[in-house]
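Worksheet for the structure shown next.
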Amino acid sequence: RYPEAIELMKQSLVALEASNKRTLQGKKSFDSRKFNSNLALLYQLSGSLGQAETEFLAIKKVFENRGQKNNPEYANLLNQLSLLYVQMNKFDQVEPLLVKAADVYKRKFTTENPAYAKVQYDLGTFYRLQGRMAEAETALTNALGIRQRTLGENHPDYVKSLEAIGILYWKKEDITRAY
């Protein structure tokens with residue numbers, strides 16, 4: 001029911017815009033960017049990848065124009081955009097976005113943070129898809145360790161990291177380590 005969800009999100013954006021514009025700063029407000037990000041994700045999930053890209057790039061421009069390139073929300077946006085570019089086969093644009101997102105998280109939170117671990121996980125998965133197995137192993141192992149220390153071994157993201165490393169070893173035909 002993506003078309004319905006997209007229409008409801010658009011209505012939410014209109015309602016947000018009609019509310020107290022001074023307080024919310026119109027289309028540039030944090031709330032507006034979150035709603036637009038959700039709209040972009042709906043477009044992405046529905047297969048409207050070009051529309052998703054347009055929304056993400058518009059939000060990215062607002063962050064950049066406001067000098068908010070060190071904001072964790074900006075890093076999250078870069079991560080989301082990189083995953084969209086994987087879907088769009090725009091592989092040349094993926095790694096720079098993930099590296100930039102990792103740098104923002106590292107400076108803001110240090111490397112011992114679940115957000116930094118997610119970028120490492122996505123970077124490792126991207127490297128694996130590109131056949132860059134040594135780099136994939138480094139990034140995925142890094143994500144696994146951070147998630148183990150910060151989230152614990154019962155957290156779903158830790159388990160996802162274990163699975164990703166298992167897949168990596170399987171692809172490398174290292175069945176013993178994959179197991």
Side-chain angles (χ1 to χ4, degrees), residues 2 5 33-34 36-57 59-60 63 69-179:
Y2 291 120
R33 286 182 268 174
K34 292 300 281 182
N36 278 299
S37 180
N38 288 339
L39 178 60
L41 289 170
L42 285 171
Y43 281 136
Q44 185 176 359
L45 289 169
S46 72
S48 300
L49 303 183
Q51 288 177 292
E53 180 184 26
T54 299
E55 291 292 330
F56 281 137
L57 290 176
I59 301 163
K60 182 177 180 279
F63 274 106
K69 292 195 263 182
N70 293 320
N71 186 318
E73 292 298 324
Y74 177 74
N76 183 57
L77 176 72
L78 297 178
N79 192 300
Q80 290 175 324
L81 184 58
S82 74
L83 298 177
L84 175 67
Y85 283 149
V86 169
Q87 280 184 278
M88 297 176 79
N89 296 319
K90 293 184 176 185
F91 299 119
D92 60 317
Q93 297 183 49
V94 174
E95 186 176 15
L97 292 172
L98 289 172
V99 169
K100 190 183 288 187
D103 184 56
V104 171
Y105 286 135
K106 182 179 180 180
R107 283 185 281 122
K108 194 75 173 174
F109 301 129
T110 78
T111 58
E112 288 298 307
N113 183 278
Y116 181 81
K118 181 182 182 329
V119 174
Q120 290 296 299
Y121 172 87
D122 291 337
L123 195 55
T125 301
F126 173 70
Y127 288 149
R128 181 183 55 79
L129 293 172
Q130 295 296 299
R132 298 164 60 183
M133 298 307 193
E135 293 166 287
E137 186 171 356
T138 299
L140 290 172
T141 301
N142 192 19
L144 178 71
I146 295 165
R147 286 175 166 176
Q148 182 180 34
R149 291 185 297 275
T150 61
L151 301 173
E153 293 182 5
N154 292 322
H155 195 279
D157 287 343
Y158 173 78
V159 176
K160 270 176 67 172
S161 286
L162 276 178
E163 179 183 39
I165 289 177
I167 291 169
L168 172 75
Y169 290 139
W170 173 66
K171 292 283 190 180
K172 289 173 65 174
E173 298 182 10
D174 187 343
I175 303 307
T176 302
R177 289 178 82 186
Y179 180 77

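Heads up: numbering here begins at 1 and tracks the sequence.
Separating the CG atom in L140 from the CG atom in L162 is a distance of 11.0 Å, to the nearest 0.5 Å. Between the NZ atom of K60 and the CZ atom of R33 there is a distance of 13.5 Å, given to the nearest 0.5 Å. The structure places OH of Y43 at 6.0 Å from CD of E55, a figure rounded to the nearest 0.5 Å. Put simply, NE2 on H155 and CD on Q148 are 13.5 Å apart, with the number rounded to the nearest 0.5 Å. Summarising the geometry, atom OG1 belonging to T54 is positioned 11.0 Å from atom CG belonging to L49; distances are rounded to the nearest 0.5 Å. Note that CZ of R147 is 7.0 Å distant from OH of Y121, once rounded to the nearest 0.5 Å.
For the side chain to side chain contact (heavy atoms under 4.5 Å, CB included) criterion with S37, the lone passing option out of L42, N76, I59 is I59. Remark: of the listed residues L97, L78, L98, L98 is the sole one forming a side chain to side chain contact (heavy atoms under 4.5 Å, CB included) with V119.
With hydrogens and angles disregarded, no donor-acceptor distance shorter than 3.5 Å links the side chain of R128 to the backbone of A136. Listed for the T141 side chain is no donor-acceptor partner under 3.5 Å among the backbone atoms of T138.
Contact between L144 and I165 at its shortest, heavy atoms only, is CD2-CD1, 3.6 Å. Considering every non-hydrogen atom in both Q120 and A143, the closest pair reads CB-CB, 3.9 Å. Residues F109 and P72 come closest through the heavy atom pair CZ-CG, 3.6 Å. For the residue pair A52 and A40, the shortest heavy atom distance occurs at CB-O, 3.3 Å. Between T110 and Y116 the shortest heavy-atom distance is O-CB, 4.1 Å. In plain terms, the two heavy atoms of G152 and Y158 that are nearest each other are O-CB, 3.4 Å.
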(message) Could you go through F91 and V86, starting from their C-alpha distance and side-chain angles, then the distance that decides it, and tell me whether this counts as side chain to side chain contact (heavy atoms under 4.5 Å, CB included)?
(response) CA-CA 6 Å; F91 299 119; V86 169; 4.2 Å; yes

(message) Evaluate L41 against Q80 for side chain to side chain contact (heavy atoms under 4.5 Å, CB included), listing each step before the verdict.
(response) CA-CA 8 Å; L41 289 170; Q80 290 175 324; 3.5 Å; yes

(request) Apply side-chain hydrogen bond (donor to acceptor under 3.5 Å, both in side chains) to the pair E53 and Y85, showing each step before the final yes or no. (result) CA-CA 8 Å; E53 180 184 26; Y85 283 149; 2.9 Å; yes

(message) As a quick check of understanding, evaluate side chain to side chain contact (heavy atoms under 4.5 Å, CB included) for K69 and V104, giving each step before the final call.
(response) CA-CA 8 Å; K69 292 195 263 182; V104 171; 6.0 Å; no

(request) Give the intermediate values and the outcome of side chain to side chain contact (heavy atoms under 4.5 Å, CB included) for residues L81 and L57. (result) CA-CA 8 Å; L81 184 58; L57 290 176; 3.8 Å; yes

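Atom NZ of K106 sits in a sparse spot, with 12 or fewer heavy atoms from other residues, nucleotides or ligands closer than 6.0 Å. Around the NZ atom of K90, the shell of radius 6.0 Å holds more than 12 heavy atoms that belong to other residues, nucleotides or ligands. Enclosure of atom CG in N154 is not indicated, since only 12 or fewer non-hydrogen atoms of other residues, nucleotides or ligands lie within 6.0 angstrom.
Between K108 and N70 there is no side-chain heavy-atom pair separated by less than 4.5 Å.
E137 and Y127 form no side-chain donor-acceptor contact under 3.5 Å, judged by distance and modelled atom types alone.
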